[in-house]
Number of protein chains: 2
Amino acid sequence: MGTTQLETVPEPKYWHLRTVLSEALDSEFSVGEVLPNERDLAARFGVARATLRQALEQLELEGRLQRRRGVGTTVAPPRVGVAVGDRPHAWPGAAGDVWEPLDSELAPPPATVAEALGTDREQPVHTVRRSRVTHGRPVASELLYVPSPAVPALSAIDTPAGAPRARAVLRALHHLELERQESAVELGSAGADEARELDRLPGAPVLVVTTRWSTGKRTAALSVATYRADTCRLTFGDSGDVEIHDTPEPRAS
Amino acid sequence: MGTTQLETVPEPKYWHLRTVLSEALDSEFSVGEVLPNERDLAARFGVARATLRQALEQLELEGRLQRRRGVGTTVAPPRVGVAVGDRPHAWPGAAGDVWEPLDSELAPPPATVAEALGTDREQPVHTVRRSRVTHGRPVASELLYVPSPAVPALSAIDTPAGAPRARAVLRALHHLELERQESAVELGSAGADEARELDRLPGAPVLVVTTRWSTGKRTAALSVATYRADTCRLTFGDSGDVEIHDTPEPRAS
DNA sequence: CAGTGGTCTAGACCACGCA
DNA sequence: GCGTGGTCTAGACCACTGC
């Protein structure tokens, strides 16, 4: 600081700031601690607030910071490892599920989903909304699409709307022999609705996990789950959701 | 005020813009087409350039756009599905590998890597740099860490530096019985070096895939691969890297 | 060289959380 | 009501690409 020696290298200011702040976070701050506000920080580093914010944005993207309007910027805990994959308990309908069913409706799905399911454009599907919570924080929001032919027993909807109906669909799924599974992960941004559910702003970066289950050749279910990219590390394979980061929120207050 | 009907809903301008542009992309543009420049677009929508840029940033994050300094903004092709996971040909050292070895050196690794490997802080490891190319475009850059005890035959480095030495390490790995594999995916941002290799700017969003291979209880290799988040969809499980998006770059020119 | 996107500034006002 | 982060503006200059 003071006599910055980077005049010769046209490294962007915000990038340099990111590095400086990142090192400061490592050495001088602890999880949960609140940083000075953006105006003060910008003044301290002699940059415009926009520039300072660009650096903070990077750090938030990397899961190092957490910013909340009206509150402040705090040092984020290490990312939570969430199991996504072969683990049975991640399967829809399994006992000890990590997902909480919210509601379900039977209607024609979006075009892209119909295509992925291989069903007709007008074929109604059960759409189950579920929410995943870890450490008391919402980490993911899911839409689970189940073509009604896959669960014929449900054709007569005699369960009350809301969570009970969602659970009924999951139970029906559980009775099937779900076979193989394939998934894909890509970066997306939270829509207004998802953002609300994940306690983020619209456009927040999310990891979109698309998974397909099938019984034989039939696609029995398609799940589109959006995870908070800032707080989650998706794990595949053995080590599952073992919470290595046992940081039980020491509640720095 | 004008008769815009969104006065009641304080939806951010950039978000609204993103939606409008997104729909325009769907209906009025085709892959590879170049958009008007940012100043014109901003003027056309009656917003500041910064606001317009915020919308473009979103769309780029979602893989809809591609921006290049000095060139312009173009409509991006659909994301490329890259197989990450159980497929043998993704294993280090396997034949028909999708990775291209660049070079290798033997040195103590970063602290975090040593910890993940479970090796001593000073224990030297082979660090192999590899690059993954799909459709002629670089999509990922990898650092593969192999503790030297895992490949004792290599202790005498009699291969020339660069790609040959990297290949030697991979060959040695190939002779081992690599057993189980676990991986994690998280969002990161490209460092200056990775950015260069991926043909992006520093701070570009990347998907970081950390994978561990072991022989018995020993960790034989640790891979940290960073994929371009804007252009890649990581696939796990069956459907592998089948290129559904066969778009062979019709070269819109 | 002209034109593009990338960086940066110095302001203003808004939406939200909390006391 | 006050302090926070979030949005937005209108400008300037820089770095890069390609002609």
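Order of the sequence lines sets the chain letters (A, B, ...), proteins ahead of strands, with each chain counted from 1.
Contact annotation: A/N37 side-chain N/O to D/dT4 OP1/OP2 distance is under 4.0 Å.
Pairs engaging residues 42-54 of chain B under the side-chain hydrogen bond (donor to acceptor under 3.5 Å, both in side chains) rule: B/E38-B/R49, B/E38-B/R53 [sequence neighbours left out].
Boundaries of the chain B contact region on DNA chain C are C/dG3 to C/dA15, first to last in 5' to 3' order (nucleotide atom under 4.0 Å from a heavy atom).
Residues passing the side chain to side chain donor-acceptor pair (under 3.5 Å) test with B/S30, sequence neighbours excluded: B/E33. Residues passing the salt bridge (Lys or Arg N to Asp or Glu O under 4.0 Å) test with B/E60 are B/R67, B/R200, sequence neighbours excluded. Annotation: side chain to side chain donor-acceptor pair (under 3.5 Å) contacts of A/S22 (sequence neighbours excluded): A/R64. Residues passing the side chain to side chain contact (heavy atoms under 4.5 Å, CB included) test with A/P109 are A/V113, A/A114, A/V125, A/Y145, sequence neighbours excluded. Applying the side chain to side chain contact (heavy atoms under 4.5 Å, CB included) criterion to A/V71, with sequence neighbours excluded, gives A/R68. Partners of A/T226 under the side chain to side chain contact (heavy atoms under 4.5 Å, CB included) rule, at least two apart in sequence or in another chain, are A/S141, A/E194, A/L198, A/V206, A/V208. Not counting sequence neighbours, the partners of B/A76 by the side chain to side chain contact (heavy atoms under 4.5 Å, CB included) test are B/Q66. In this structure A/D103 satisfies the salt bridge (Lys or Arg N to Asp or Glu O under 4.0 Å) test together with A/R129, sequence neighbours excluded.
Rounded to whole Å, atom P of D/dC14 lies 18 Å from atom CD of A/E11. Following rounding to the nearest Å, B/R196 (CZ) and D/dC16 (P) show an atom-to-atom distance of 12 Å. Atom CD of B/E38 is separated from atom P of D/dC14 by 18 Å (rounded to the nearest Å).
Contacts of residues 48-56 of chain A with DNA chain D (heavy atom under 4.0 Å): A/R49, A/R53. Within residues 62-70 of chain B, the residues approached by DNA chain D to less than 4.0 Å at the level of any non-hydrogen atom are B/R69, B/G70, in residue-number order.
Ion pairing of B/E186 with A/R79 is present here, as a side-chain N (NZ or NE/NH1/NH2) and a carboxylate O approach within less than 4.0 Å.
Comparing A/W15 and B/L35, the nucleotide of DNA chain C nearest to each residue sits closer to the 5' end for B/L35.
A side-chain donor-acceptor contact under 3.5 Å links A/S223 and A/E142.
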